[in-house]
Amino acid sequence: MNVNAGTLNIYGNMTNTSSATISGGASMVVQAGGTLTNSGTITNNGTLTISSGATLANTGTIEGTGTSSLPALTVSSNISLPNGATYSSISIINGVTLTAEGDLKTDTLSLGSGTISLKSGTLSISSNITGSSSVNTISSDGKSSLNLTANANGTLYFDQTNSGTTNSFINLTLNTSGTITLGNAIRISGVYTSSSGILNTSDNLTLISSSPGSYGQIAPGNGTITGNITMEMTASGTGAGWRPIALPLVSTLANLSGINQVYSGHTPANEINTYYWNPAQNGTTGLCNGWTAASSTDDNTRPYIIYANNNSNGLHDFSGKLSVSGTNSTGNKTFNLFAYTDPDTSSGITMATGWNFIPNPYPCNLSISALLSTRNTNFTPSYKAIHVYNYASQQYEVYSSSGVSIVNYHNTESGNTISNIPPFAGFWVKSSSNQTLTITNAERTTSTSNVATLLKNNYDLLRLNVSDANGMKDQCVVYFTADATQGFDNIGDAYKLDGLGAAPSLSSLIGGARLSINALPSSLNEVSIPLSYKSNTKGKAEISLDFSELDAAWNVLLEDKLTGIKMDLKNGAYSFENNGTNNLRFILHLEKKGATGIGISGEAGFELYQDFNTVYINLVEKEPVYISIYTLSGKLMAQYELENPGHQTIPNQMIQEPGVYIVEARSTGFRKTLKVIK
């Protein structure tokens with residue numbers, strides 16, 4: 001559709017879905033009653049006029065050097081406008097309703113008497129707003145948004161007929177040189193975004209939450225918010241347990257509702273359920289103060305743990321939804337870190353020293369990847385991992401700057417874990433010295449992407465999962481990288497923090513330290529790793545292997561020192577009876593196939609592995625394989641040849657006496673050895 005000369009008058013309906021041009025000196029006029037629907041591009045180098053009483057339904061682009069005159073719309077009877085309708089002004093009179101069947105744009109809005117009803121679209125206003133009142137309102141279907149730009153200025157009232165819908169919007173955007181005042185309650189389920197302008201909430205803004213993974217947020221920006229905000233967060237359950245809770249607004253515990261709090265000074269003292277962690281030194285002992293009873297005046301500069309139990313006769317009840325009111329929290333937040341020892345661990349070991357509990361201080365998520373980025377010089381601790389407690393799994397989830405994380409994703413209720421620290425959450429960092437940590441707007445995000453995408457790297461990695469007799473689970477990780485050492489690495493390794501509940505704890509050991517993430521040098525071809533298992537739940541437990549991220553060349557053997565059983569975890573899970581006392585009963589043996597060969601390349605035509613007390617060899621190809629059995633001193637005990645393909649066992653009579661032996665399998669160009677404990 002091109003207008004090259006003269007005037008094109010449109011009296012009915014015209015649609016442009018691709019491109020159209022109005023040449024210089026030419027005109028297009030949409031007359032009263034006509035509609036121009038544009039979802040493509042109109043290049044106007046002449047004159048485009050939308051007459052009064054005409055409609056421009058524009059979801060595309062209007063550009064060029066010409067003059068575009070948008071229509072003024074006066075609504076005196078109930079009407080509906082198509083998606084993308086655009087006007088220079090909208091004035092509603094006579095108490096009628098204008099229904100927008102999608103996006104609606106206008107420069108000015110006058111609600112002298114009537115209502116705009118939004119249906120799953122965005123209302124964009126770029127100039128003055130007048131006449132809005134408690135009866136002249138903007139009404140939403142709960143799926144619409146507001147976009148206030150340019151010179152937008154004025155007071156907005158919203159339909160309160162159904163506060164779960166008619167005053168609820170997904171997003172609110174404010175990029176204006178003016179001031180927008182909220183005349184009555186508005187509820188935001190998505191994001192409030194502002195790069196300029198002033199939003200006066202008049203205490204009428206609520207960021208709502210409908211589920212544990214769905215909640216309103218305030219994005220970082222240069223706009224100003226005056227007045228109070230209310231923010232909600234839905235918990236994953238209301239059962240008995242400790243919950244780490246931070247305040248995402250400038251507020252105090254007195255303004256936190258939804259969970260009963262019993263503060264310091266209460267008697268009896270064992271009913272106090274609200275504590276904060278004080279990492280500063282307690283006297284000259286080298287120990288920190290540890291858990292300290294909180295008061296109602298404690299604020300958002302620290303997180304808390306609050307015990308809830310709905311069976312406690314009202315004392316510690318929890319509704320399942322947290323709510324706090326306060327002013328917007330933005331800008332840099334600096335926290336003092338201390339390097340003193342947990343007073344519950346008097347040994348002073350490195351693992352128990354320097355733990356600090358930090359809040360997410362903002363009404364939006366914190367990006368874990370940005371927080372732990374090597375480019376973020378504000379994250380000063382040399383230990384580059386954070387620990388976040390998950391009530392659903394009763395475990396600490398661990399996030400490492402290496403990109404490896406422990407998320408206990410096999411727990412039923414923790415599958416929606418996000419790759420960011422949500423509002424209302426606290427997290428643990430570990431410092432080796434007294435220093436500061438600063439969190440800035442650069443670490444803030446409104447993204448809620450799944451944790452599986454967090455800093456994903458293609459490591460050679462295995463995950464060990466344990467499940468106790470009650471179905472509670474835990475996980476630890478071992479992986480290989482060129483940057484690791486066999487000692488503790490601040491970047492790559494992560495300590496194990498036990499959960500606050502009855503969940504089991506599985507970790508690998510380096511010296512006296514228990515690790516949830518253990519990074520090992522990629523140059524290793526064989527390693528044995530002690531494992532610690534802690535659980536007060538007696539009965540049948542199970543350790544299984546997730547080797548979906550592990551090179552297929554690795555053999556993974558679990559040794560139970562209590563029973564003497566050795567099992568290849570790649571063949572299935574290992575079940576054992578937990579008596580509650582044998583914490584150091586397992587050893588994980590890893591060996592890479594073909595790794596002992598010298599100057600050998602390619603794949604061997606056989607596999608050699610051990611399951612319990614039996615040694616197996618699997619001949620993949622029909623090629624002779626020579627088996628030799630040696631003592632550790634090198635004495636040859638037995639030797640024979642295998643020719644038939646398939647799984648075969650090495651006869652037990654060839655290794656009769658208890659001891660440690662080396663089984664060697666050799667074919668043309670390949671050699672494989674296996675250490676066997678009889």
Side-chain angles (χ1 to χ4, degrees), residues 460-467 475-480 486 506-510 515 518-533 541-578 582-597 603-604 606-620 625 627-632 647-652 654-655 658-665 670-678:
D460 200 4
L461 178 151
L462 64 86
R463 299 178 185 271
L464 289 175
N465 300 297
V466 66
S467 177
Q475 182 185 98
C476 70
V477 160
V478 176
Y479 73 103
F480 297 89
Q486 287 189 265
L506 182 66
S507 56
S508 61
L509 298 176
I510 292 182
L515 304 184
N518 189 349
L520 294 171
S522 53
S523 58
L524 290 178
N525 293 314
E526 185 176 358
V527 63
S528 295
I529 306 166
L531 300 178
S532 169
Y533 177 69
E542 182 179 273
I543 294 176
S544 61
L545 172 68
D546 180 345
F547 54 95
S548 60
E549 301 167 81
L550 186 67
D551 189 323
W554 283 101
N555 291 319
V556 183
L557 186 72
L558 181 70
E559 177 184 352
D560 186 337
K561 295 192 295 181
L562 180 65
T563 64
I565 294 175
K566 305 177 187 69
M567 180 174 179
D568 186 348
L569 289 180
K570 295 176 79 172
N571 290 336
Y574 175 64
S575 296
F576 63 98
E577 194 72 23
N578 177 50
N582 295 282
N583 293 344
L584 304 178
R585 63 182 284 182
F586 299 106
I587 299 178
L588 186 69
H589 300 285
L590 304 176
E591 185 181 22
K592 207 165 191 178
K593 300 173 186 176
T596 55
E603 285 291 333
F606 61 88
E607 297 174 337
L608 184 68
Y609 60 94
Q610 182 180 16
D611 190 357
F612 297 98
N613 288 320
T614 304
V615 178
Y616 293 90
I617 184 166
N618 178 25
L619 269 65
V620 181
V625 175
I627 304 297
S628 302
I629 301 173
Y630 300 90
T631 64
L632 282 182
H647 282 84
Q648 304 173 59
T649 62
I650 294 179
N652 286 332
M654 292 195 173
I655 311 176
V660 181
Y661 299 88
I662 302 297
V663 177
E664 178 191 71
F670 294 96
R671 174 178 174 268
K672 174 72 176 177
T673 60
L674 180 67
K675 184 184 293 185
V676 176
I677 302 175
K678 176 73 171 179

| task | Decide yes or no on side-chain contact (heavy atoms from CB on, under 4.5 Å) for Leu461 and Phe480, but give the supporting numbers first. | result | CA-CA 6 Å; Leu461 178 151; Phe480 297 89; over 6 Å; no

Could you give the distance from [atom1] ([X]) to [atom2] ([Y]), rounded to the nearest 0.5 Å?
X	Y	atom1	atom2	value
Ile529	Leu590	CD1	CG	4.5 Å
Phe586	Thr563	CZ	OG1	7.5 Å
Asn525	Ser522	CG	OG	9.5 Å
Lys566	Leu557	NZ	CG	7.5 Å
Asn518	Ile510	CG	CD1	4.5 Å
Asp560	Ser575	CG	OG	11.5 Å

| task | Go through the steps for Leu506 and Gln475 under the test side-chain contact (heavy atoms from CB on, under 4.5 Å), then give the verdict. | result | CA-CA 6 Å; Leu506 182 66; Gln475 182 185 98; over 6 Å; no

Would you mind reporting whether [Y] and [X] have side-chain heavy atoms less than 4.5 Å apart?
X	Y	answer
Leu462	Leu588	yes
Val556	Leu550	yes
Asn555	Lys570	no
Leu558	Leu545	no
Leu524	Gln486	yes

| Where do Leu464 and Val478 land on the side-chain contact (heavy atoms from CB on, under 4.5 Å) test, with the steps shown first? | CA-CA 8 Å; Leu464 289 175; Val478 176; 5.6 Å; no

| request: Return the minimal non-hydrogen interatomic distance between Ser528 and His589, and the atom names on each side. | output: OG-ND1, 2.7 Å

| field | Parallel, tilted or perpendicular: ring planes of Phe576 versus Tyr533, cut at 30 and 60 degrees | value | perpendicular

| task | State which residues pass side chain to side chain contact (heavy atoms under 4.5 Å, CB included) with Ser507; sequence neighbours excluded, sorted by chain then number. | result | Lys496, Arg514, Ser532

| said: Determine whether a donor-acceptor pair (N or O, by modelled atom type, separation under 3.5 Å) exists between the side chain of Lys561 and the backbone of Ile587. | reply: no

| Judged by atom type as modelled, is there a donor-acceptor pair below 3.5 Å linking the side chain of Asp460 to the main-chain atoms of Asp551? | yes

| task | State which residues pass salt bridge (Lys or Arg N to Asp or Glu O under 4.0 Å) with Glu577; sequence neighbours excluded, sorted by chain then number. | result | Lys540

| request: Report the residue from Val477, Leu520, Leu515 that forms a side chain to side chain contact (heavy atoms under 4.5 Å, CB included) with Ser508. | output: Leu515

